[in-house]
4 protein chains.
Amino acid sequence: MPVAKSKANGKHETILAAAVRVFAEEGYFRSTVSQIAREAGVADGTIYLYFQNKEDILATFVRQHSLQFFEAFSERVKEAKTAVEKLRLLVNLHFTVAQRDRWKALVYQVEMRRSSRLMRKEIKDALKAYHDVVGQIVEEGQQEGSIRHDVQLGLVKRMIFASVDEVITTWVLAGGKYDLAALADPLVDLFLKGISSGPA
Amino acid sequence: MPVAKSKANGKHETILAAAVRVFAEEGYFRSTVSQIAREAGVADGTIYLYFQNKEDILATFVRQHSLQFFEAFSERVKEAKTAVEKLRLLVNLHFTVAQRDRWKALVYQVEMRRSSRLMRKEIKDALKAYHDVVGQIVEEGQQEGSIRHDVQLGLVKRMIFASVDEVITTWVLAGGKYDLAALADPLVDLFLKGISSGPA
Amino acid sequence: MPVAKSKANGKHETILAAAVRVFAEEGYFRSTVSQIAREAGVADGTIYLYFQNKEDILATFVRQHSLQFFEAFSERVKEAKTAVEKLRLLVNLHFTVAQRDRWKALVYQVEMRRSSRLMRKEIKDALKAYHDVVGQIVEEGQQEGSIRHDVQLGLVKRMIFASVDEVITTWVLAGGKYDLAALADPLVDLFLKGISSGPA
Amino acid sequence: MPVAKSKANGKHETILAAAVRVFAEEGYFRSTVSQIAREAGVADGTIYLYFQNKEDILATFVRQHSLQFFEAFSERVKEAKTAVEKLRLLVNLHFTVAQRDRWKALVYQVEMRRSSRLMRKEIKDALKAYHDVVGQIVEEGQQEGSIRHDVQLGLVKRMIFASVDEVITTWVLAGGKYDLAALADPLVDLFLKGISSGPA
DNA sequence: CATGAATGAGTATTCATTCAT
DNA sequence: CATGAATGAATACTCATTCAT
């Protein structure tokens with residue numbers, strides 16, 4: 001069964017991978033199409049056989065990376081029974097994926113947000129998908145009775161997303177020196193119990 | 001006692017204010033030094049009498065904005081007795097300031113992170129200051145007994161900073177349509193009590 | 001007797017015809033070899049089996065179009081007895097041919113002159129052939145006594161060629177809205193009698 | 001009395017003159033902005049302080065050259081009494097101007113027609129001005145009785161313009177080897193008396 | 001003969017920064 | 001202090017042409 005011709009020889013992937021490496025090292029704006037081509041071992045013009053322009057490379061990566069993440073989550077979420085378990089799983093997966101390929105994480109966390117017009121949509125889509133997942137989990141938890149009803153869903157989504165995102169970004173920028181995945185459970189505990197000592 | 005010469009005629013501030021407006025409207029990278037000069041009503045070259053380069057304008061704004069924020073906080077924190085009150089005050093102030101000048105907030109929240117080398121330091125400094133303040137509050141709360149001891153301080157700092165930051169950014173990008181300050185208390189409640197319904 | 005291989009399956013003509021359409025619509029310089037290939041229904045590389053390069057396509061068309069024109073003239077000139085009749089026939093044919101296929105005329109009149117090196121020769125050849133024909137007619141007329149002897153042949157040739165050419169070009173660029181052939185006789189009358197009212 | 005600042009130091013003219021030389025030698029399309037800059041002794045970027053883009057340089061030259069030509073004609077036409085004298089003057093001036101600066105003539109005659117969109121208008125304007133002048137002369141001649149009434153004005157205009165144009169172009173492309181101005185009167189004679197020997 | 005993926009040379013244009021006035 | 005004309009490095013993108021299949 002033949003795959004799409006333009007992807008048959010994997011040049012699409014080769015270029016994408018090369019671009020991620022270059023973006024991670026140089027930053028999106030300082031990266032040059034020629035650099036990416038060199039890193040990918042192709043001619044400059046070849047880039048444009050597979051991507052519309054420089055920004056499209058980044059957008060494609062973001063789209064694809066998001067997709068893979070949520071597919072993986074969909075797959076693994078079946079293991080979880082309760083909403084809390086699902087939340088732990090989500091955060092864990094996020095941290096694990098980031099730890100597995102720091103370059104991808106760097107681009108996804110930091111460089112993605114630098115571009116513009118075209119990117120805005122990709123970022124929005126990715127964020128929305130994340131928010132939706134969190135939202136479902138929270139609502140499920142409320143039905144189960146494990147999560148309070150007197151919370152503003154919008155705030156909860158933002159708190160969880162932003163915190164996870166920030167912890168990863170910090171780890172990435174610190175050079176990936178420590179064990180990121182180990183922070184998943186403590187962070188989820190914070191989400192669940194808060195920092196207050198009393199019964200509030 | 002004479003003020004610094006470069007600030008004597010207020011041209012420094014004029015340029016800074018103009019730059020913030022331009023950055024907010026065009027985005028840092030698409031902004032042009034000429035645009036800023038025109039907006040400020042000075043010649044292009046004049047910019048370089050008051051700032052080292054384009055990036056320095058942004059860095060100066062960030063530095064100054066941070067400074068003002070923490071000065072204001074230092075002033076107002078005296079009103080607060082407990083750590084929890086201080087936390088509420090911090091978040092409230094952050095939201096209020098953002099709401100007061102959305103353009104500044106836009107640049108501070110969004111554009112600041114787009115630049116590089118030079119900015120890295122400014123961002124770090126600003127973050128560190130914020131983290132320090134949060135850290136002090138949390139430790140104070142722990143001594144008071146109002147905040148649990150079994151939390152990782154680093155995670156708490158990041159959670160609080162990232163969540164506040166994200167809520168503001170969302171508000172800014174949404175065009176400042178709703179009342180931001182009203183979200184301060186609910187958000188702090190989330191920090192304190194978490195989302196879990198049980199006694200944990 | 002086999003025909004030239006490259007013309008056996010008519011692909012040569014197919015490409016040529018496609019090119020003329022593309023050149024006419026886009027202009028020579030904005031036209032792309034890929035566009036021509038697509039219009040002709042062949043692969044990009046196939047073009048180069050039948051033509052040396054982009055310019056050669058245009059040159060070939062010009063050469064061929066000129067040839068056909070002068071063959072047609074040679075054929076029809078037999079009908080004419082006097083030099084004046086031949087001149088009328090030449091101009092008439094030129095106008096009629098242009099009117100029959102405006103796209104070809106557009107390329108021949110306008111685009112032909114845009115290319116360079118290689119084209120210079122083709123244009124020269126085409127012009128020379130035209131000049132030769134006019135020259136023969138004029139000389140014949142001088143022998144017949146119908147055309148003055150005190151004219152500079154070079155100027156006469158240029159006047160006739162340029163005027164016919166210009167009238168066609170104007171018609172082409174105007175979108176072929178009016179009847180071009182009807183202008184042949186009035187134009188020849190101008191050549192013959194001039195604009196002066198007196199007996200000169 | 002100060003001239004417009006941007007033209008005060010003649011850089012506008014310097015660049016224009018340099019461009020004409022480069023266009024004449026290399027042809028418009030093969031000419032490079034860098035070449036023009038070098039020839040003018042300025043930096044590449046300086047070109048864009050005085051012209052919008054490459055094509056604007058050519059357009060400016062054409063506009064200016066046309067203007068100068070018609071101003072000169074307006075001035076000198078006062079010397080002429082009859083329509084025929086005016087016609088001789090027009091053709092003479094055209095030939096003389098071309099002979100005076102062959103480079104300008106080369107660009108005006110040959111390169112001008114190569115560009116596109118923007119140029120279309122300039123060419124049209126220049127042609128129209130020429131046609132108008134010829135048209136006025138012919139009509140004046142008809143009123144005087146020196147020019148026949150049974151001619152199509154449109155054809156006469158085209159014949160005269162095209163013939164003059166072609167004779168100049170031939171001279172230019174031949175390298176300006178012979179005396180162009182000497183051809184003015186014989187050519188006008190052709191226009192007036194035609195080539196026919198009989199009393200028509 | 002035919003294909004079309006790959007090539008890579010070639011270029012207009014922008015804009016942060018400088019410096020003579 | 002202020003100006004703004006001049007600089008020139010830096011870069012994404014196109015497209016005619018080739019050649020392995």
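Remember, predicted model here, so these are calculated numbers, not experimental data. Sequence lines set the chain letters: A, B, ... in the order given, protein chains first and strands last, and positions in each chain run from 1.
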(message) Taking the minimum atom-to-atom distance to the side chain of B:Tyr50, which one of F:dA6, E:dT3, F:dA2 wins?
(response) F:dA2
[X] has an atom [atom1]; how far is it from atom [atom2] of [N], in whole Å?
X: D:His12; N: F:dA6; atom1: NE2; atom2: P; result: 13 Å
X: C:Leu49; N: E:dT3; atom1: CG; atom2: P; result: 9 Å
X: D:Lys11; N: E:dA20; atom1: NZ; atom2: P; result: 14 Å
X: A:Arg38; N: E:dT7; atom1: CZ; atom2: C1'; result: 16 Å
X: C:Ile47; N: F:dC19; atom1: CD1; atom2: C1'; result: 17 Å
X: B:Asp56; N: E:dA16; atom1: CG; atom2: C1'; result: 14 Å
X: B:Gln35; N: F:dG4; atom1: CD; atom2: P; result: 17 Å
X: A:Ile15; N: E:dT7; atom1: CD1; atom2: C1'; result: 13 Å

(request) Could you tell me whether the side chain of B:Lys11 and the main chain of B:Ala40 form a donor-acceptor pair under 3.5 Å? (result) no
(message) Is it true that, when you exclude A:Gln52 itself, more than 12 heavy atoms of the residues, nucleotides or ligands shown sit nearer than 6.0 Å to its CD?
(response) no
(message) Classify the ring geometry of D:Phe61 against D:Tyr108: parallel below 30°, tilted from 30° to 60°, perpendicular beyond 60°.
(response) perpendicular
(request) Anything under 30° is parallel, anything over 60° is perpendicular, the rest tilted; go ahead and classify B:His12 against B:Phe51. (result) parallel
(message) As a check on the pairing definition, encode DNA chain E in dot-bracket form, counting Watson-Crick and G-U wobble pairs whose two distances are under 3.5 Å, and using | for partners outside this strand.
(response) .||||||||||||||||||||
Listed pairs, N/O of protein and of nucleotides 15-17 of chain F, under 3.5 Å:
unit_1: F:dA16; atom_1: OP1; unit_2: C:Ser31; atom_2: O; d: 3.4
unit_1: F:dA16; atom_1: OP1; unit_2: C:Lys54; atom_2: NZ; d: 3.4
unit_1: F:dA16; atom_1: OP2; unit_2: C:Val33; atom_2: N; d: 2.9
unit_1: F:dT17; atom_1: OP2; unit_2: C:Tyr48; atom_2: OH; d: 3.0
unit_1: F:dT17; atom_1: OP2; unit_2: C:Lys54; atom_2: N; d: 3.1

Looking only at heavy atoms, which two atoms of [X] and [Y] are closest? And how far apart?
X: D:Ile36; Y: D:Ile15; result: CG2-O, 4.2 Å
X: D:Leu16; Y: D:Gln64; result: CD2-OE1, 3.5 Å
X: A:Glu25; Y: A:Trp103; result: OE2-CZ2, 3.5 Å

(request) Begin from the C-alpha positions of C:Thr14 and C:Val42 and carry the test side-chain contact (heavy atoms from CB on, under 4.5 Å) through to its verdict. (result) CA-CA 9 Å; C:Thr14 304; C:Val42 300; 5.8 Å; no
(message) Checking D:Tyr48 now: which residues fulfil ring pair (Phe, Tyr, Trp, His ring centres under 6.0 Å) with it, not counting sequence neighbours?
(response) none
